[in-house]
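Both counts, for ligands and for their atoms, begin at 1 and track the order of listing.
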Amino acid sequence: MKIGVVGTGYVGLVSGTCFAEFGFDVVCVDKDAGKIARLNQGEIPIYEPGLDDLVAKQVAAGRIQFTTNLNEAVHNADAVFIAVGTPPRVDNGQADLTYVYQAAREIAAEINGYVVVVNKSTVPVGTAREVERVIREAAPHAEFDVVSNPEFLREGMAIEDFMRPDRVVVGTESPRAMEVMRTLYRPLYINETPMVMTTPESAEIIKYASNAFLATKITFINEIANLCEATGANVQHVAKGMGLDGRIGSKFLHAGPGYGGSCFPKDTLALVQIGEQYNAPQKIVKSVVDINYERQNSLVARVIDAMEGNVVDKKIAVLGVAFKPNTDDIREAPALVLIPQLQAAGAKICAYDPIAMNNAAQVLKQIEWVEDVYEAAKDADALVIMTEWNEFRSLQLKKISSLMRGKTIIDFRNIYKLPEMEQAGFTYISVGRPAIISSAG
Ligand code: UDX
């Protein structure tokens, strides 16, 4: 079978490459000629563990091509995936579907035989029907069906999540399109992956509802963490006790600085908008959006409090700026909120991130960027852990202590155990757990 993929961003490139790995012939198209040129030179425009090798393997096998020419992706294709961006509109947070409809119109002009047009992008309820209308209007005689097939790829785990998904969701009312989608995902049957076959509207809501629920779960434990701090409880113990209930589950119960990334912030906002549009208010999700915003903006006060109320001319070393580990993505990262606010309070910032520094340097100014943790710790009055990169999990605490000028570590990811920080003599402030005050004062 032949597959076209429109958009070679995070979702399109991973999906196209994985479909090629399944053995299909894939043509990925993008308007960005520079990106296509780099892909044709073997350069991967995004950081996703394992993607470079997987793309190289498919290119060598002649199963994947990259082009700016849409008709190469559409002609004689069995399915064409729309995987273009749906960024939040600045004015109201609604998903901006400009690129989706533009792709639909351009695909319509190239259809030369029955094809399934698949919405892979995260789109509001009703978009599949609208894409169908747009294509029908542009190509009244074209033979096609439109399907909603939302992605559930986590950054840093995208290939794993594509190859071993918890489920594949397909929204269509066409048995012919259903058959094509079953064939596309047949290689997953080996792992007995459940396929949820439903209507386009249900498929579109499954995506938003899943992300919003995960964001809600995180925000719930973040608020419980506040209660733990006020009562001397330990949020990690609370999360463990909760998570052992099979109905709750232990995942996404790690208290932290608030969720970020290119999905949860965008999708929760969009769901609130969709609720308003259909007069079905999503009040819980609205409060999740507000609480998460407040939490990210409360981090600076936590750091200043830990520094006895004053960070003027203090050197603060920030470990991690990516919104999560194993990605170079800094979109909506809590560090992008905290760092400017610390600078505004008079602190001097030194920062290190294993992968995301180049991206962060585009938006953060007056930062001393360094190449490793110990360089960051040198003469620092405080260390702030913002991203739980593995290399931050086993620091040589004695070396850190000898390099720092101060004794304060603020760990927004609860990477360390309290006793080891007490033993190392740090003042250790973390999330939802009792503070450790250094014996050295
Ligand atoms: C998410 C969804 O998981 C994925 O299914 C969807 O397709 C895209 O959005 P992603 O945004 O890549 O994936 O990251 P994820 O691992 O879900 O984390 C999202 C945010 O929540 C990050 O900022 C992370 O730090 C935070 N998080 C996650 C927590 O604060 N606590 C947790 O327990 C889990």
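Neither the backbone nor the side chain of Arg331 comes within contact range of ligand 1; no heavy atom lies under 4.0 Å. At a 4.0 Å heavy-atom cut-off, ligand 1 does not touch Glu332 at all. Only the backbone of Leu253 comes within 4.0 Å of ligand 1, counting heavy atoms alone; no side-chain atom from C-beta on gets that close.
Atom CZ of Phe220 sits in a sparse spot, with 12 or fewer heavy atoms from other residues, nucleotides or ligands closer than 6.0 Å. The environment of CG in Asp166 is sparse: at most 12 heavy-atom neighbours from other residues, nucleotides or ligands sit within 6.0 Å. Counting heavy atoms of neighbouring residues, nucleotides and ligands inside a 6.0 Å radius, atom CD1 of Ile284 does not exceed 12 of them.
With Tyr10, Phe264, Tyr259 as candidates, the residue nearest to atom 2 (C) of ligand 1 on a non-hydrogen basis is Phe264. The residue among Asn326, Asn292, Ile218 with a heavy atom at the shortest distance from atom 26 (C) of ligand 1 is Ile218.
The shortest contact between atom 15 (P) of ligand 1 and any protein heavy atom is with Lys324 NZ, 3.7 Å. Here the protein heavy atom with the shortest distance to atom 12 (O) of ligand 1 is Glu155 N, 2.6 Å. Looking only at protein heavy atoms, the nearest one to atom 22 (C) of ligand 1 is Phe323 CD1, 3.6 Å. Protein heavy atom at the shortest distance from atom 23 (O) of ligand 1 is Gly260 N, 2.9 Å. Looking only at heavy atoms of the protein, atom 25 (O) of ligand 1 is closest to Arg413 NH1, 3.0 Å. The nearest heavy-atom contact from the protein to atom 34 (C) of ligand 1 is Phe252 CD2, 3.6 Å. With hydrogens left out, the protein atom closest to atom 9 (O) of ligand 1 is Cys263 CB, 3.0 Å, a heavy atom.
Not less than 6.0 angstrom separates the ring centroid of Phe213 from the ring centroid of Phe252. In summary, the aromatic rings of Phe19 and Phe162 are positioned with their centroids under 6.0 Å apart.
Looking at Asp161 and Arg154, a side-chain N of the basic residue comes within less than 4.0 Å of a carboxylate O on the acidic one, giving a salt bridge. Using a cut-off of 4.0 Å between Lys/Arg side-chain N and Asp/Glu carboxylate O, Glu229 and Arg302 are scored as salt-bridged.
Ligand 1 has no N or O atom lying under 3.5 Å from any N or O atom of Gly256, backbone or side chain. At a 3.5 angstrom cut-off on N or O pairs, Leu153 counts as close to ligand 1. Every N/O-N/O distance between Arg154 and ligand 1 stays at or above 3.5 Å. Between Glu151 and ligand 1, an N or O atom pair is found at a separation short of 3.5 Å. By the 3.5 Å distance cut-off applied to N or O atoms, His254 is counted among the residues near ligand 1.
Side chains of Thr219 and Thr216: a donor-acceptor N/O pair is absent below 3.5 angstrom, by distance only. Side-chain atoms of Tyr47 and Asp329 include no donor-acceptor pair closer than 3.5 Å.
Close approach of ligand 1 to Phe152 is summarised as follows: ligand atoms under 4.0 Å from at least one heavy atom of the residue are 5 (O), 7 (O).
A cation-pi geometry, defined here as NZ or CZ lying under 6.0 Å from the six-membered ring centre and within 45° of its normal, does not hold between Arg331 and Phe323.
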task: Test Tyr352 against Trp389 for side-chain contact (heavy atoms from CB on, under 4.5 Å), laying out the working first.
output: CA-CA 11 Å; Tyr352 166 67; Trp389 286 99; over 6 Å; no
